[in-house]
Amino acid sequence: MLTESKKLITQYRHYFKRLPHYQYWLVIVDNHFNDRYYFFLYNRRFKTKLVRSYELLALVHDKQKYQQVLADLKSVSQLSIEYRDTAHLVEPTPEIKVDKIHGHNF
């Protein structure tokens, strides 16, 4: 197993708490601006709009390493994976304008 895979899995286990009433998913971003692949763990509580993300790994563009790290991640995780590419930037969620709990109520 690659050292990058070990680091990714360690970070994954640290942030994936398996809390009840939470939704978790993975996001992999192919960032052409920084020439890296980024692995994130996203979560949100059910019936809320606030999404949290945790960066798990930043991997230099190397197709073989990327495929090996992805295979290692899939062997550990059953979460759904969303793939993003900076060549096609899309706003993943609408902006939260009113959130009285976190102070966005102006």
For [X], give me all partners under side-chain hydrogen bond (donor to acceptor under 3.5 Å, both in side chains), at least two apart in sequence or on another chain.
X     : answer
Lys74 : none
Arg44 : Gln23
Asn31 : none
Tyr66 : none

For the hydrophobic clusters of this structure (ILVMFWY residues joined by side-chain heavy atoms under 4.5 Å, transitively), does one cluster hold both Leu73 and Phe40?
-> no

Is there a side-chain contact (heavy atoms from CB on, under 4.5 Å) between Ile81 and Leu70 once you walk through the steps?
-> CA-CA 10 Å; Ile81 300 176; Leu70 183 59; 4.1 Å; yes

First locate atom [atom1] of [X], then atom [atom2] of [Y], and finally report the distance between them rounded to the nearest 0.5 Å.
X     : Y     : atom1 : atom2 : answer
Glu82 : Tyr42 : CD    : OH    : 7.5 Å
Leu41 : Lys17 : CG    : NZ    : 10.5 Å
Leu79 : Leu26 : CG    : CG    : 5.0 Å

Report all side-chain donor-acceptor pairs from residues 5-13 shorter than 3.5 Å, counting only partners two or more places apart or in another chain.
unit_1 : atom_1 : unit_2 : atom_2 : d
Ser5   : OG     : Asp72  : OD2    : 2.6
Thr10  : OG1    : Lys6   : O      : 2.7
Tyr12  : OH     : Ser77  : OG     : 3.0

Can you list the steps and then say if Tyr37 with Glu4 is a side-chain contact (heavy atoms from CB on, under 4.5 Å)?
-> CA-CA 12 Å; Tyr37 295 104; Glu4 291 87 352; over 6 Å; no

For residues Tyr38 and Ile28, determine if any side-chain heavy atom of one lies less than 4.5 Å from a side-chain heavy atom of the other.
->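 No, every pair of side-chain atoms sits at 4.5 Å or beyond.
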
Near-ring test Tyr24/Phe16, centroid separation under 6.0 angstrom =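 Phe16 vs Tyr24: aromatic centres under 6.0 Å.
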
Val69 versus Phe39, closest heavy-atom pair with distance = CG1-CZ, 3.9 Å

For residues 47-62, tabulate all N or O donor-acceptor pairs below 3.5 Å that involve a side-chain atom, not counting sequence neighbours.
unit_1 : atom_1 : unit_2 : atom_2 : d
Thr48  : OG1    : Arg45  : O      : 2.6
His61  : ND1    : Asp35  : OD1    : 2.6
His61  : NE2    : Asp30  : OD1    : 2.4
Asp62  : OD1    : Gln64  : N      : 3.4

